[in-house]
Every structure is written in structure tokens, then in C-alpha cells.
Amino acid sequence: MLDIRKIRENPEFYREETRKKGSAVDVMDVLALDEKRRSLLAEVERLKSERNAESKKIGEAKKRGENPEQAMAAMRILGDKITDLDLQVKAIDDEQTEKLMHIPNIAHASTPEGESSADNVVTREGPIPAKDRDFAAVDHKTLGERLGIFDFERGAKISGSGFPVYRGLGARLEHSLIQFFLDSHRECGFEEIIPPYLVTRNTMRGTGQLPKFEEDMYRCDKEDDLFLIPTAEVPVTNLYSDEIIPENELPKRLCAYSACFRREAGSYGKDTRGLLRLHQFNKVEMVYFAHPDKSYEEHEELTRFAEVLLEKLGLPYHRLALCKGDLGFGAAKCYDLEVYAPVEKKWLEVSSCSNFEDFQARRANIRTKINGKNQFIHTLNGSGLATPRVMVGICDNYQQKDGSLVIPEVLRKYMGGLEVIEPSK
RNA sequence: GGAGGAAUAGGCUAACUGGUAAGUCAGCGGUCUUGAAAACCGCCGCCGCAAGGCUUGGGGGUUCGAGUCCCUCUUCCUCCGCCA
């Protein structure tokens, strides 16, 4: 959520910048509401002040044994007026907040201009082995089914498309990735969290999934009104909602494995083969609670942590700085990491590392006290990493002519020393 | 699931038949000191430049006025039952 005071100070700037982020809501509408709300608020507070003073006098009069019937009658009328005004303020406040909740964050100055993914800028080239192979490589779906490590058909049978089944060494390889990521983060000083997978509506609002993107979420049940998390970012960022984190505890670096659930509404057809786009997948997420003055340095650090994972896995990747038009709803700046999949002949997004500045912190009410003054912290998060496309990257880059799949060096210790997954004969 | 109890600011603790949140510890700033402690002064729930408003787990009600009375929800504790 944006700071209404800042919008008030510089409306044209906010109008222009939210437009670049693709906002359908005009900040001027919100400003008009704010104007009205504040004038009503001043009025009602003046009346309350009067009531407080008069009520005190009534109490004192009664103690003296008097019967201030006249004053009480007057206060009855004043009270009704206050009730009425309070309701008006509340209604306008709700409307204003609801509008604000639909307005995206504005981009940081270092974010490139642009409207779509075509305008994103490559800011780092990772190692690219990309040597020609002397055999016709097969895609991960074909390879995985031949090796017996994925079972898409049965997954679809029991849950529908987009719900993969990993089995045997495939399940073990998946666990290896998750454990490798978590171990790496722990060595870098992260605290690991195992969060709930179902969260309340309010939690979903804190990180920005709601109210705007409800159609992308799985809602558990009408009575409980709980939602399946689309990423561990949601429960982990909200761990500190409505809290004041001591300044000396910043930054907090947390990581969490979770399954992630997304409807992926509207993304039928393209790029849905195999593991490329799923309704349920596994991901390890990194979340930072950052000091507001240092979040951009920490954004670089967090992104590097994700890149190092890809380097250790020996996967070719690059880093994109997303342009304003391609930036997510709450992000002020975002780097995507993409792995090159030579069979797909595509770059696959495996991580998205974002700085939300105080956008989520204002929604979730996460603050710190700096020089005696409460101030919203900055939240950052990044995948470290999402497994499905990393798995595709491994299949594409590590398969051999005989149909076997070499296990990346760093994962072998999690696979009991196994070096290669052989096709069954 | 059943029965009972509890929730006050960062912790702890008060508030007559309803009269407008007292105090304490921790913390922060200052005086003093070579430095520290002690002592003393100030700050010490939130918003606001201020005036002022708001705040006793959340929401609602009664009242001129609610920590206090009523309804409701949530969380925690104790006991019983059930359960991986």
C-alpha cells in the first residue's frame, strides 16, 4: 500500500508512476476521498473533545449531588451526531483503503523504463556451457517418464493437470534440491521457517495477493475462509505483522520451504508441458526484513545468494532487471533469474528477487523504531529456488546420449552418492 | 468435542455502587562522574506540527460517560474425551 501522505505531496508523480505499473485506479480519486475524510475527521474529533469535557463535568456535578439533566440531554444529541459522523468517516476510510489496496507500488528509480517483458534488461550473464551435443536430446517430460522419475499421467488422474508426481529417484532428487537450498541458506545465516500452508484472508492482504488477485488463489473453504499459499513469502513475511522489530535485529534473514499453490488462471496452452507451469510446486523462499535505509544493498545480496545456487548446480543462467511494466504488483525493483534449457531452447524463470520497500510492511503493519520513531521496515523476498524449472534445467543440461541423467555434483551427497540415474532396462 | 478459567501499553501489576487507564521493572535522553554504578530530572501505547483524538484480545450493544454491565468472536491455560 502506498503512503497517502506522499501521494498528497506529489500527486502527479504518483499518477504517472502507477500508470506505468499498469494501475487501473487513479490516485486522484483516492486523494478526493482523503480530502473529504480528513475534513470530517477534524469535525468529529472536535465534537468528541467537547463530549469528553462535558461528560467529565456531568460526573463531577453528580458527585456534588446535583442532577445535570439538561447537560445529559444535550450530550445525548451530540452523541447521536458523533455516531453518525463516525459512520461516515468509517465508510470513507474503508473505501479509501480498498482503493489504495488496489494500487500497485511504484518502481524504484533504478528500474528500467518499459512496458513488457521485451523491455527487461540482462544485467548479468552466468556461465553458459552450451556446447553442441552429438545426440538428439529429449525434453524433460519424455526423459523423466522414461527414467520413471516423473508420472504426469497419474498426477493428472488424481488431481488434474498441473499436479506432477515425482517418484523413486525423482522424488529423491526433488528432496535433494530442497535440502541443498536450505543447507546453503543456513550456512549463510538464514533462520529456517516451516510455515502453515493455509492462511487467513488478512494474511493474504498483507503481502498483496488480495484483494486484487483472488482468482489466482486456491480458497480452501467458505466457512474458514482460508487460502492455500501461493508462496512461502505470504506466511513468512506476515510472521511479524502488527509488530515492532527492534532496529538492532535488522536485517532478519528467513528462509522456508513450502509447497506452493497457484491457479495460474488464464495461462492455458502455452508453456504448460511437463513441469513448466504447475498448480502445485515446491519452492524454497528467502525473506528479508530490512532496515529501510539499506534495503537496496540487501536486495543485491539476496539475489546473489540465489545466483550462487545456480552456479553450484552448474546451470547456465542470466539475470534480468525487470522493467516498470513487467514488475509485479508490490515490487519496487525486481531481478529475475533464468536458467537456459537447451532442449526447450528457452530461458526459464527460476527465481524472482524483489524489493517491496515499505509496500507490504504498510499493509501488514511491520515496523521498527528508529530514533524513537516508529517506521515501516522494508520487505524483500526471492526464490532460492523454485524446483520445477531447475529440474527442467537439470534434465535439459545433464542428460546423456544413452538416456541417463547425470546428477549435479552438489546434490550427490543427498542421493547417497549416486552419480547418475540410469534408464531401467 | 465437553466443563471451567483467563486476556490491561515491551514484561509485571492496579483502578469504590460505571466517572474517563495509577504504578513498577526494563528501555531511552539528560544532570552528576576520569569512566561506570547509584541518585536525581525527563521520556517511556498509537496518530497528529499542534489543538486534540484514539487505546484495556477483536467486533457489537446499553449509557451523558464502559477496563468495569450485556451479547458475540478469537487466543491461551486447566481437566475430561478423541486423534497422527
Side-chain angles (χ1 to χ4, degrees), chain A residues 1-10 30-31 33-98 100-101 194-206 210-211 220-227 235 238-250 252 259 289 291-292 358 361-377:
Chain A
M1 193 160 63
L2 295 174
D3 185 348
I4 187 67
R5 282 172 296 190
K6 286 186 180 161
I7 297 177
R8 221 182 277 147
E9 285 164 18
N10 206 346
V30 184
L31 274 184
L33 281 174
D34 185 53
E35 192 86 16
K36 201 163 149 196
R37 182 185 63 87
R38 283 191 301 150
S39 82
L40 277 176
L41 193 62
E43 168 75 1
V44 74
E45 287 195 357
R46 192 182 61 73
L47 296 181
K48 281 179 179 174
S49 171
E50 189 183 333
R51 179 176 65 180
N52 286 343
E54 286 301 313
S55 288
K56 205 163 195 168
K57 283 185 198 163
I58 290 172
E60 286 161 2
K62 281 199 162 184
K63 263 186 188 158
R64 289 194 301 269
E66 300 165 16
N67 183 15
E69 192 51 55
Q70 223 174 0
M72 282 166 66
M75 284 306 101
R76 219 167 290 148
I77 292 167
L78 183 62
D80 290 346
K81 201 166 173 183
I82 288 171
T83 304
D84 179 54
L85 279 176
D86 264 343
L87 286 174
Q88 287 186 46
V89 170
K90 174 83 164 52
I92 295 174
D93 202 343
D94 287 350
E95 192 184 346
Q96 178 179 329
T97 301
E98 197 57 21
L100 271 177
M101 290 289 250
I194 300 180
Y197 289 3
L198 285 167
V199 296
T200 61
R201 177 173 289 276
N202 193 45
T203 299
M204 292 288 265
R205 289 173 75 94
L210 296 182
C220 179
D221 155 325
K222 214 167 190 166
E223 197 175 335
D224 296 314
D225 205 26
L226 293 172
F227 293 81
N238 281 286
L239 279 180
Y240 289 95
S241 63
D242 295 318
E243 292 194 32
I244 295 174
I245 304 174
E247 188 180 8
N248 63 17
E249 288 180 22
L250 299 176
K252 274 188 188 294
F289 298 86
H291 193 288
D358 63 7
R362 180 170 286 105
R363 287 171 165 247
N365 193 27
I366 308 170
R367 294 173 296 177
T368 188
K369 203 183 270 281
I370 299 173
N371 295 327
K373 208 164 161 56
N374 291 336
Q375 208 174 316
F376 292 111
I377 55 117

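The analysis underlying the following values was restricted to heavy atoms, covering all of them including side chains, and did not include hydrogens, waters or symmetry mates. Below, chain A is the first sequence line, B the second, and so on; all start at residue 1. Fair warning: this is a prediction, and the values are worked out from it, not measured in the lab.
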Query raised in the report: What are the residues of residues 74-90 of chain A, sorted by number, that bring a heavy atom to within less than 4.0 Å of RNA chain B?
Result: A:Met75, A:Arg76
Requested in this report: Tell me, please, which residues at least two apart from A:Phe227 pass ring pair (Phe, Tyr, Trp, His ring centres under 6.0 Å).
Outcome: none
Query raised in the report: Quick one: A:Leu41 CG to B:rA50 P, roughly how many Å, whole number?
Result: 16 Å
Query raised in the report: How close or far is atom C1' of B:rG27 from atom CG of A:Asn248, stated in whole angstroms?
Result: 12 Å
Query - Pair A:Arg46 + A:Glu43: basic N to acidic O under 4.0 Å - result: yes
**Report entry** Sidechain-backbone polar pair: A:Ser49 side chain, A:Glu45 backbone, donor-acceptor under 3.5 Å
**Finding:** no
Query raised in the report: What is the base-pairing partner of B:rA66, counting Watson-Crick and G-U wobble geometry with both distances under 3.5 Å?
Result: none
**Report entry** Nucleotide opposite B:rU75 in a Watson-Crick or G-U pair, distances under 3.5 Å
**Finding:** B:rA6
Requested in this report: Name the nucleic acid region contacted by A:Arg51, choosing base, sugar-phosphate or nothing; use a 4.0 angstrom heavy-atom cut-off, strictly under.
Outcome: sugar-phosphate
Query - A:Asn52 vs B:rG53: side-chain N/O to OP1/OP2 distance below 4.0 Å - result: yes
**Report entry** Pair partner, B:rA21 [Watson-Crick or wobble, under 3.5 Å]
**Finding:** none
Report task. Look at A:Arg76 together with A:Asp80 and state whether they make a salt bridge at an N to O cut-off of under 4.0 Å. Result -> no
